[in-house]
Structure formats: structure tokens, C-alpha cells
Amino acid sequence: MNCLDRYRSKLIGQINRDLKIVLAGPDEEAIHNFRVGMKRLTALYFFLNEVDPGLKTRKILKPYRRLAKSIGVIRDGHIVVHLIQQLDEICTADKKVLIKAIKSKSGNDYRVFKRSTEASTLIRVSVPTIRSMGLSERAILREKPIALKGLLSQIMSTRSRMTAEQWHKKRILLKRYHHKLDAFCFCPGHSSDESELKQIKILEQLLGDWHDRVIAAEMLQLLNGVEAEAGRAIAVMRKQDRMLLGSAKIYLNKYQKWHQRD
């Protein structure tokens, strides 16, 4: 079996187990795990497209990425509830009002997801094996350093001023780089540098926490009937997201220096 097919087989099994749970109910852990699994699968198949541009893997993944996106709206609600629960700067009464409104929205989002899924009968993720696509292990291992280097150059590229959207794209690229490294865990001669992974995880956490607050502020702004409570929570989160982004910039600089050490 191709070394990436071993990784793919394990990943598909996990994704479909989580999807089955999500289709039965809005289980928070399963929703989170399904979305992470889909990001890993996307990183893998985007890499395969670099090995052979004729594969059109974006088209293969399109219905499943759309499914993950619809589940993502529900996951965002879970994240925002946790963030509000952690806000010591706002009173308990405000928290209760906001959490009730967000949970109501998440319930509606889940019902929309269920109806659309039942209409499409999309209840399982099924993508071609790497072997069936005719990719040799030699071609895959030859492309690996090229693909990783290309992603890394985009991650390291920075400007003096970057928009929230640019930072979000950098966060996606960093995750994709990490997922690609993980995808080679069964491949001969592959070993991950633990010191690099440690820095990646810190940077991912900072950018993830920053982006959670950006999403939370956007969601709270759209809630009806809780404008005053939402405004107070948004003010706190915006202070937090500025601090987190500042820390992320520092750690990105450290990561850049780590790669330049040789």
C-alpha cells in the first residue's frame, strides 16, 4: 500500500465515524473532529494535485468541503459560547442572555444542516484511493520537499501591515503545512522535527485563539435583541484579539529565525 494511502485510510475512517455521530445529533466533539479531519483530507488531496495537476482533486472534494462548511457554522456557535463563558469582564446576566441567543442560533443552524444533508443524501465521505489515481510512492516523495518549501515560503512572507484576512490566510497555510507533515507519518525516511512542531503548535494556537475572537465578534454583531450585551462582549474580545495577534507576530518572527538558523 502506498504510504499516503495508509494515512488516508485511517483518516477517512475517523471522518466517517464522526460524521455518523453528527448526523444523529449536534455532538460538539464529533463536529470539531469532523472539521479537523476534513482539513487534513483537504491538505492531503491538494498535495496530490501538486504531484499530478491532472487529478482535479478540488472537484472531488467540493461536496465534502461544502458539507464541512455548513457544519462549521454550528462549530462557530460552540466556540463563541465557550469564549463568553470565559469573559470575566462582563456580568453573569449578560453571559446568560448571549449564550441563550447563540444556542438558539446554533439549534436553527443544525436543523438547516440536517435538512440539506437529508435532501442531498450525502451521509458518507468517499474519495479515490491514491493507488487508484495511479500515483507512485516515488513521485509522491519526490514532490514532498517542493510542496513543503512552497507552503513555507508563503507562511514566512510578511508585510509591515497585514489585514485580518491576510492573517487568516496565513493561519490556513500554516495548518496545511502542519497537516502535510503529518500525512507522511507512514512514509519511509520521514521524520518530523519536534522543535519545529512545537513552534508550529504555539503559532497555530495563538492565531486560532485570535481568529475565534474575530468570528465571535462577527457573530455577536448579527444577533437581534441583545445589542447592548453583545456590544460589551465585543469590546472585550477586540482587546483580546489585538493582544493575541501581537503575540502571534512575535512567534512568527521566532519561527522565521528558526528556519534561517542553518
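FYI, side chains are in, hydrogens and waters are out, and symmetry mates aren't considered; it's all heavy atoms of this structure. For clarity, every value in this text was computed on a predicted model and none was experimentally measured.
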Trainee: Under a 4.0 Å threshold between the charged nitrogen and the carboxylate oxygen, would Glu194 count as salt-bridged to Lys198?
Mentor: no

Trainee: Stepwise, does the side-chain contact (heavy atoms from CB on, under 4.5 Å) test hold for Tyr64 with Leu122?
Mentor: CA-CA 8 Å; Tyr64 308 118; Leu122 190 64; 3.6 Å; yes

Trainee: Does the side chain of Thr117 reach to within under 4.5 Å of the side chain of Lys114, using non-hydrogen atoms?
Mentor: no

Trainee: Give a yes/no verdict on a cation-pi contact between Lys180 and Tyr177, requiring under 6.0 Å between NZ or CZ and the six-membered ring centre and an angle within 45° of the axis.
Mentor: no

Trainee: Only distances under 3.5 Å count here; give the side-chain donor-acceptor pairs of residues 139-156 to other protein atoms, sequence neighbours excluded, each with its distance to 0.1 Å.
Mentor:
residue, atom, partner, partner atom, Å
Lys144, NZ, His190, ND1, 2.7
Ser153, OG, Gly150, O, 2.7

Trainee: Drop me the distance from Arg35's CZ to Leu19's CG, to the nearest 0.5 angstrom.
Mentor: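 These two atoms lie 13.5 Å from each other.
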
Trainee: Under 4.5 Å between any side-chain heavy atoms of Leu245 and Asp241, yes or no?
Mentor: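 They are not in contact (no side-chain heavy atoms under 4.5 Å apart), so the answer is no.
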
Trainee: If I compare all heavy atoms of Trp210 with all of Trp167, which pair ends up nearest, and what's the gap?
Mentor: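 It is CH2-CB, 3.6 Å.
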
Trainee: Where do Phe113 and Leu67 come nearest, in terms of heavy atoms and distance?
Mentor: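 Minimum heavy-atom separation between Phe113 and Leu67: CE1-CD1, 3.5 Å.
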
Trainee: Are Ile102 and Val73 in one and the same hydrophobic cluster, where Ile, Leu, Val, Met, Phe, Trp and Tyr link if side-chain heavy atoms are under 4.5 Å apart?
Mentor: no

Trainee: Name every donor-acceptor pair, under 3.5 Å, that has one atom in a side chain of residues 53-61 and the other anywhere in the protein, sequence neighbours excluded.
Mentor:
residue, atom, partner, partner atom, Å
Thr57, OG1, Tyr45, O, 2.8
Thr57, OG1, Asn49, OD1, 2.8

Trainee: So for atom OH, which belongs to Tyr251, do other residues, nucleotides or ligands contribute more than 12 heavy atoms lying within a distance under 6.0 Å?
Mentor: no

Trainee: Which heavy atom of Ala183 sits nearest to which heavy atom of Leu4, and what is that distance?
Mentor: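 Closest approach of Ala183 to Leu4: O-CD2, 3.0 Å.
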
Trainee: Quick one: are Lys100 and Lys96 in side-chain contact, heavy atoms under 4.5 Å?
Mentor: no

Trainee: In the structure I gave you, are the side-chain heavy atoms of Arg6 and Lys10 within less than 4.5 Å of one another anywhere?
Mentor: no

Trainee: Mind checking whether Asp52 and Met133 have side chains closer than 4.5 Å, heavy atoms only?
Mentor: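 They are not in contact (no side-chain heavy atoms under 4.5 Å apart), so the answer is no.
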
Trainee: Is the shortest heavy-atom distance from the side chain of Arg242 to the side chain of Lys239 under 4.5 Å?
Mentor: yes

Trainee: Could you tell me whether Ile123 atom CD1 has more than 12 heavy atoms of other residues or ligands within 6.0 Å of it?
Mentor: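 12 or below, so no.
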
Trainee: Check whether any side-chain N or O of Tyr110 sits under 3.5 Å from a backbone N or O of Val22 as a donor-acceptor pair, and report yes or no.
Mentor: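 Yes, Tyr110 side chain to Val22 backbone: donor-acceptor pair under 3.5 Å.
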
Trainee: Output yes when a side-chain donor or acceptor of Glu137 lies under 3.5 Å from a complementary backbone atom of Cys3, and no otherwise.
Mentor: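 Yes; judged by distance alone, with no hydrogens or angles, the pair exists.
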
Trainee: Considering all heavy atoms of both residues, which atom of Ala217 and which atom of Met237 are nearest to each other, and what is their separation?
Mentor: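 Here Ala217 and Met237 meet closest at N-SD, 4.5 Å.
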
Trainee: Do we see a donor-acceptor contact under 3.5 Å between the side chains of Gln205 and Asp209?
Mentor: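 Asp209 and Gln205 do have a side-chain donor-acceptor pair below 3.5 Å.
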
Trainee: Given 3.5 Å as the limit, does a donor-acceptor pair link the side chain of Lys170 with the main chain of Glu165, or not?
Mentor: no

Trainee: Do Phe46 and Ile12 land in one hydrophobic cluster if side-chain heavy atoms of ILVMFWY residues count as linked below 4.5 Å?
Mentor: yes

Trainee: Got more than 12 heavy atoms from elsewhere within 6.0 Å of CD, Gln166?
Mentor: yes

Trainee: Between Ser132 (side chain only) and Pro128 (backbone N and O only), is there a donor and an acceptor less than 3.5 Å apart?
Mentor: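 No: the side chain of Ser132 does not pair with the backbone of Pro128.
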
Trainee: What distance do Met219 atom CE and Ile84 atom CD1 have between them, rounded to the nearest 0.5 Å?
Mentor: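 It comes to 9.0 Å.
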
Trainee: Answer with yes or no whether the hydrophobic clustering places Val36 together with Ile172; edges join I, L, V, M, F, W, Y residues whose side-chain heavy atoms lie under 4.5 Å apart.
Mentor: no

Trainee: Over all heavy atoms of both residues, which pair between Leu98 and Ala233 is shortest? Give the atoms and the distance, please.
Mentor: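 What the structure gives for the nearest pair is CD1-CB, 3.8 Å.
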
Trainee: Report yes if some heavy atom in the side chain of Gln85 is under 4.5 Å from a heavy atom in the side chain of Lys95; otherwise report no.
Mentor: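 With C-beta onward as the side chain, the pair stays apart.
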
Trainee: In terms of ring plane angle, is the pair Trp258 and Tyr255 parallel, tilted or perpendicular, where the classes change at 30° and 60°?
Mentor: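 Geometry flag for Tyr255 against Trp258: parallel rings.
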
Trainee: Would you find a donor on one side and an acceptor on the other, under 3.5 Å apart, between the side chain of Asn16 and the backbone of Val125?
Mentor: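 Yes; at least one donor-acceptor contact below 3.5 Å.
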
Trainee: Could you walk me through whether His211 and Arg171 pass the side-chain contact (heavy atoms from CB on, under 4.5 Å) check?
Mentor: CA-CA 9 Å; His211 189 251; Arg171 172 177 169 265; 3.5 Å; yes

Trainee: If hydrophobic clusters are built by linking Ile, Leu, Val, Met, Phe, Trp and Tyr wherever their side-chain heavy atoms come under 4.5 Å apart, do Leu135 and Phe184 end up in the same one?
Mentor: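 Hydrophobic grouping puts Leu135 with Phe184.
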
Trainee: To check you understand the geometry: which heavy-atom pair defines the closest contact between Ala43 and Arg176, and what is its length?
Mentor: CB-CG, 3.7 Å

Trainee: Quick one: do the Glu28 and His82 side chains pair a donor with an acceptor below 3.5 Å?
Mentor: yes

Trainee: Can any side-chain N or O of Ser116 pair as donor or acceptor with the backbone N or O of Val112 at less than 3.5 Å?
Mentor: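 Checked: pair present.
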
Trainee: Under the 3.5 angstrom rule, does the side chain of Arg213 hit a backbone N or O of Gly208 as a donor-acceptor pair?
Mentor: no

Trainee: Rounded to the nearest 0.5 Å, what separation is found between the CD1 atom of Ile90 and the CZ atom of Arg232?
Mentor: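 Between Ile90 CD1 and Arg232 CZ, I get 8.0 Å after rounding to 0.5 Å.
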
Trainee: Could you check whether any side-chain N or O of Asn33 sits under 3.5 Å from a backbone N or O of Ile15, counting only pairs where one atom can act as donor and the other as acceptor?
Mentor: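 No.
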
Trainee: Within the structure provided, determine whether Ile202 and Lys254 are in side-chain contact (heavy-atom separation under 4.5 Å).
Mentor: no

Trainee: Test side-chain contact (heavy atoms from CB on, under 4.5 Å) on Asp182 and Cys185; report intermediate values, then the result.
Mentor: CA-CA 6 Å; Asp182 290 345; Cys185 60; 5.9 Å; no

Trainee: Do Met38 and Ile130 belong to the same hydrophobic cluster, where Ile, Leu, Val, Met, Phe, Trp and Tyr are linked whenever their side-chain heavy atoms lie under 4.5 Å apart, directly or via other members?
Mentor: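 Linked within one cluster.
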
Trainee: Can you give me every donor-acceptor pair (side chain of residues 222-231, partner residue at least two apart or in another chain, under 3.5 Å) with its distance?
Mentor:
residue, atom, partner, partner atom, Å
Glu227, OE1, Gly225, N, 3.3
Glu227, OE2, Gly225, N, 3.2

Trainee: side-chain contact (heavy atoms from CB on, under 4.5 Å), that's the test. Do His168 and Leu207 meet it? Break it down for me.
Mentor: CA-CA 8 Å; His168 178 48; Leu207 287 173; over 6 Å; no

Trainee: I need the Lys249 NZ to Leu203 CG distance, nearest 0.5 Å.
Mentor: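 Between atom NZ of Lys249 and atom CG of Leu203 there are 13.0 Å.
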
Trainee: So, taking the atom named OG in Ser104 and the one named CD1 in Ile99, what distance separates them when rounded to the nearest 0.5 Å?
Mentor: 13.5 Å

Trainee: Quick check for you: to the nearest 0.5 Å, what is the distance between Thr92 atom OG1 and Leu87 atom CG?
Mentor: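 That separation rounds to 11.5 Å.
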
